Amino acid sequence: MTVRNDWTRDEIQALYDQPFLDLVFEAQGVHRQHFQANTIQVSTLLSIKTGKCPEDCKYCSQSARYDSKLEAEKRIAVDKVIREALSAKESGSSRFCMGAAWRNPHERDMPYVLEMVREVKALGLETCMTLGMLNQSQAERLKDAGLDYYNHNLDTSREYYSHIISTRTFDDRLDTLDHVRQAGMKVCSGGIVGLGESRNDRIGLLHELATMPVHPESVPINMLVPIEGTPLADVEKLEVTEWIRTIAVARIIMPHSYIRLSAGRESLSDSDQALAFMAGANSLFSGEKLLTTPNAGEGKDQLLFAKLGLTAEKPKPSIAELTVDAMSA
Ligand code: SF4
């Protein structure tokens, strides 16, 4: 199957509007053509600087503009990050994602994040960061330090975007993604469903992602976790089937991308999650927390994997492990 970057909104809508079971069946077929069945890539996400963010994303507990009762934390020490990364690797994660609640990293933060990338990479983990907007020079330095992925979500459709964020534009987001691509890193970019948007907005988000010159290698499809104190605390809950439809369409139109279950997973039943895997999701975040929101813990995930006969993609050996192997060969 050729990868297409010329999807029209009408084509995406036609996929989205199919009978639910036809859509999930088609998505699973596409999935099996491009990925090993029953294998899930597992990532761990750590907040390296929490809260007091100057941005106004209306869903976020970390924005300084809302009274979400979140306890802000300063940058955490690099050696603590390394310990967390090691424990994530031992628990079966192959990728370690580090997130900071910044509009963008300041120059004074760069040595800190670059050292962190080098050290996490040396453990044999894939590295990912989400630090807000990047300029070209920052993207290049992160790439040189060994950063594999940069996460920067589009969040929602271009049309609905201004209802959710006013402190940076949709095009600012695309500019950062462009800098990440130019620097040669892989892109992790997706969105959130359940923000009060329409189905047409979910189609618009997918259209934006699937018509990028290169599809994001990783596409998180988050389900809103409403947080008290934020403007979206009381938004009407979206039907789970709409979230599954979004996953299935993402799988069909971006067949080589990892489609990731992110925020919102902890409130879903095992059977809802199984349906999401059936619809082509093949990546998830493990651990008790996703930055600040609760997540299905590792123990729960291991049980779910055992129940469904799923296996986690293997992490790579670290540089230290490879050196020992070479010396003993
Ligand atoms: S989503 Fe990110 S940029 Fe937006 S308020 Fe939260 S931490 Fe800041």
Side-chain angles (χ1 to χ4, degrees), residues 43-76 81 97-106 109-110 112-113 116 128-135 138-139 142 147 149-158 160-177 179-180 187-197 201 205 208-209 216 218-233 235 260-265 285 287 289-295:
S43 298
T44 297
L45 176 61
L46 177 72
S47 178
I48 59 169
K49 184 262 167 188
T50 304
K52 291 203 177 151
C53 180
E55 302 296 279
D56 71 347
C57 311
K58 290 197 172 51
Y59 51 82
C60 184
S61 62
Q62 302 206 65
S63 170
R65 297 163 192 249
Y66 314 130
D67 185 15
S68 68
K69 311 276 183 272
L70 177 79
E71 225 172 278
E73 281 172 28
K74 291 193 175 139
R75 297 185 337 185
I76 63 175
V81 176
C97 308
M98 296 152 272
W102 289 325
R103 175 174 167 80
N104 51 268
H106 291 287
D109 300 311
M110 288 306 288
Y112 165 73
V113 291
M116 203 176 287
C128 177
M129 279 189 157
T130 181
L131 312 173
M133 294 187 285
L134 289 185
N135 61 35
Q138 289 172 327
L142 285 164
L147 191 65
Y149 284 82
Y150 194 78
N151 164 267
H152 202 60
N153 289 332
L154 295 182
D155 284 358
T156 188
S157 68
R158 182 182 280 278
Y160 195 63
Y161 183 88
S162 62
H163 295 267
I164 302 299
I165 300 129
S166 73
T167 47
R168 59 177 126 173
T169 66
F170 198 78
D171 285 320
D172 288 335
R173 299 214 174 215
L174 294 176
D175 286 347
T176 290
L177 292 178
H179 297 146
V180 171
V187 167
C188 173
S189 186
I192 310 173
V193 300
L195 299 171
E197 80 285 348
D201 291 310
L205 165 69
E208 200 75 44
L209 294 165
S218 169
V219 180
I221 306 287
N222 296 277
M223 172 89 119
L224 177 74
V225 178
I227 294 170
E228 226 187 295
T230 63
L232 295 183
V235 77
R260 171 175 298 165
L261 305 185
S262 298
R265 195 165 67 85
F285 277 121
K289 259 187 173 186
L290 280 186
L291 296 177
T292 61
T293 52
N295 188 38

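Residue numbers start at 1 and run along the sequence shown. Below, each value reflects all heavy atoms present in this structure, side chains not excepted, and no hydrogens, waters or symmetry copies. Because the structure is predicted, anything quoted here is derived from the model rather than measured. Just so you know, ligand 1 is whichever comes first in the structure, and atom 1 is the first atom listed for that ligand.
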Checking K49 side chain against A101 main chain: does a donor-acceptor pair fall under 3.5 Å?
yes
Which class fits the ring pair Y160 and H163: parallel under 30°, tilted 30 to 60°, perpendicular over 60°?
parallel
So if I count the atoms of ligand 1 from 1 in the order they appear, which ones are less than 4.0 Å from some heavy atom of R168?
3 (S)
For atom 4 (Fe) of ligand 1, every protein N/O/S atom that sits closer than 2.8 Å, waters excluded:
C57 SG
For N222 and Y59, run side chain to side chain donor-acceptor pair (under 3.5 Å): C-alpha distance rounded to whole Å, both residues' side-chain angles, the deciding distance at 0.1 Å, then the answer.
CA-CA 12 Å; N222 296 277; Y59 51 82; over 6 Å; no
Is a side-chain donor or acceptor of T167 paired with a backbone partner of D56 at a separation under 3.5 angstrom?
yes
So R173 and S189, side chain to side chain donor-acceptor pair (under 3.5 Å) or not? Walk me through it.
CA-CA 10 Å; R173 299 214 174 215; S189 186; over 6 Å; no
Would you say H179's side chain and L134's backbone share a donor-acceptor pair under 3.5 angstrom?
yes
Exercise: identify the closest heavy-atom pair between V113 and M129
O-CE, 3.7 Å
Which of the atoms in ligand 1, numbered in the order shown and given with their element, are less than 4.0 Å from a heavy-atom of Y59?
1 (S)
